[in-house]
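To start, the structure itself, in structure tokens.
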Amino acid sequence: MKKPLIGVLALQGAVQPHKPHIEAAGGEFRAVKTPVQFDEVDGFILPGGESTTMLKLIDNFGLWDSLARNFAEKPVWGICAGCILIAEKVSNPAQKSFGLLPISVERNAYGRQLESHQVEITGYPVSFIRAPVITNTGEGVEVLATHDGDPVWVKKGQAMASTFHAELTLDFPSPMHRAFVEMVKKRA
Amino acid sequence: MTKTKPTSINLKTGLAEMLKGGVIMDVVTADQAKIAEDAGAIAVMALERVPSDIRAAGGVARMSPPELVESIMKSVSIPVMAKCRIGHFAEAQILEAIGVDYIDESEVLTPADEDFHIDKQAFKVPFVCGAKNLGEALRRIGEGAALMRTKGEPGTGNIVEAVRHLRQINRDIKRLTVMDDAELMTEAKNLGAPYELVKMVKAQGRLPVPNFAAGGIATPADAALCMQLGAETVFVGSGIFKSDNPSQFAKAIVKATAHFDDPKMVLEASRDMGGEAMRGVAIDTIAEGMRMANRGW
């Protein structure tokens, strides 16, 4: 069977750290930043980075429509900034988003970098870095993990989101990458 | 999953991962910070004066006033960095108390200590530091820097020094990777760098923390050049707000950085500059004692 091709949106942010995780989970990695490349991949990871910046770049480079069309058909995993981009509702400050997951997200809810921390999620060490908080989950959203009572890893249909970074841990693959590559395989 | 306890990239470096592939812009007012954010900057450096003005003003350049840093922090949602003087740990403590996202222990300001850099391990806030070569980079990382950048020659709009520093670090790393293990201690001694870090660089073939370019970047082509030479993000200081049309210019630099490996996009960015770049200064017209890259060790 052909390996699922996972496109990591590479406008900015933590792109390369996903490569060994995706490969160890049985997928193929590609950094993508143009509409032609978006059409070629089987699933998307929207990586950690600065959500405000990514949003500006998507707009300034005219990529919104092409991404929205692809997101409607393919599995998408939004991480930290990426989670903010695919949430239905964003606060602190409010900003537009692709609305793929019926969740509400508050930006930088743990404060600035000084408040970033490391914890274990489902027995795997991950990092929260200027992380958003999922303040509300809508109907049908499956909560895969919580931290301090807040959902931190959620899924509905073809959309998955996490507020933490599994890609920075050097033990390949992370359970989250494994789960996502499986989602993409199922579809492909 | 393996049973061994997984090692993770140091958390302070984690934030630096989030800053990769972008542009960090020097700003001196909240309005400039907004322009930078709208143009797609991934972070701003809050300053009282940009390097070219610091150069022109002379005298002692210190940490920016807290009110200025705070007003910039309030005006944007992207990370905010601020500079302290080399060795001035009390300035760093103030910046940490303000809650900035990163501290740049910077040669752009007048050094406070000619012998010692700040013990950055003692801080929770991550630090960025400048380096001209691998030895200097590893000394700073040994002290706890989470992110490195080239020194370049700030405030000149002249890319030559940043290129020199990028190439030098690349060359130093390449040389290490082909060395016999028996040579490493002597190499550590020659570099003046911690042995453990030297071993790590040999094993990984790269710096243990991200390396960004800074100092003299004045055009979209400069940004693309640095990215192709292996920089993972670019700092643009005087270049943006000393250009004819800062907003458009900032957007052009961002575009060229994101698409650094696509000449057609860099060409588009170069057409979209909205006017001329800053004028620039030839390095050999700056007296040796006035060169910022020579500060620190």
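So you know, we letter chains A, B, ... as the sequences are listed, proteins then strands, and number each from 1.
- Under the 4.0 Å criterion applied to side-chain N and carboxylate O atoms, A:K185 and A:D42 are not assigned as salt-bridge partners.
- Between A:H147 and A:F128, the ring center distance clears the sub-6.0 Å criterion.
- Annotation: maximal heavy-atom pairing with chain B below 4.5 Å, among A:H165, A:M54, A:K56, occurs at A:K56.
- At least one cation-pi condition fails for A:K155 and A:W77: the charged atom is not both under 6.0 angstrom from the six-membered ring centre and inside a 45 degree cone around its axis.
- Two rings, from A:F44 and A:F71, have their centers less than 6.0 Å apart.
- The contact between B:K251 and chain A is made entirely by side chain atoms (from C-beta outward), counting heavy-atom distances below 4.5 Å.
- Counting heavy-atom pairs under 4.5 Å between each of B:H259, B:M265, B:E232 and chain A puts B:H259 at the top.
- Ranked by heavy-atom pairs under 4.5 Å with chain A, the first of B:V254, B:T233, B:I42 is B:I42.
- Only the backbone of B:A41 comes within contact range of chain A, with at least one heavy atom under 4.5 Å from a heavy atom of that chain.
- Using a 4.5 Å cut-off between heavy atoms, B:D261 touches chain A through its side chain atoms alone.
- In this structure, chain A has heavy atoms under 4.5 Å from both the backbone and the side chain of B:D38.
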Where do B:S77 and A:T52 land on the side-chain hydrogen bond (donor to acceptor under 3.5 Å, both in side chains) test, with the steps shown first?
CA-CA 7 Å; B:S77 67; A:T52 313; 2.9 Å; yes
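- Contact check on A:R69 versus A:D39 returns a salt bridge, with a Lys/Arg side-chain nitrogen under 4.0 Å from an Asp/Glu carboxylate oxygen.
- Comparing A:A24, A:A10, A:G49, A:P47 by how many heavy-atom pairs each has under 4.5 Å with chain B, the most go to A:G49.
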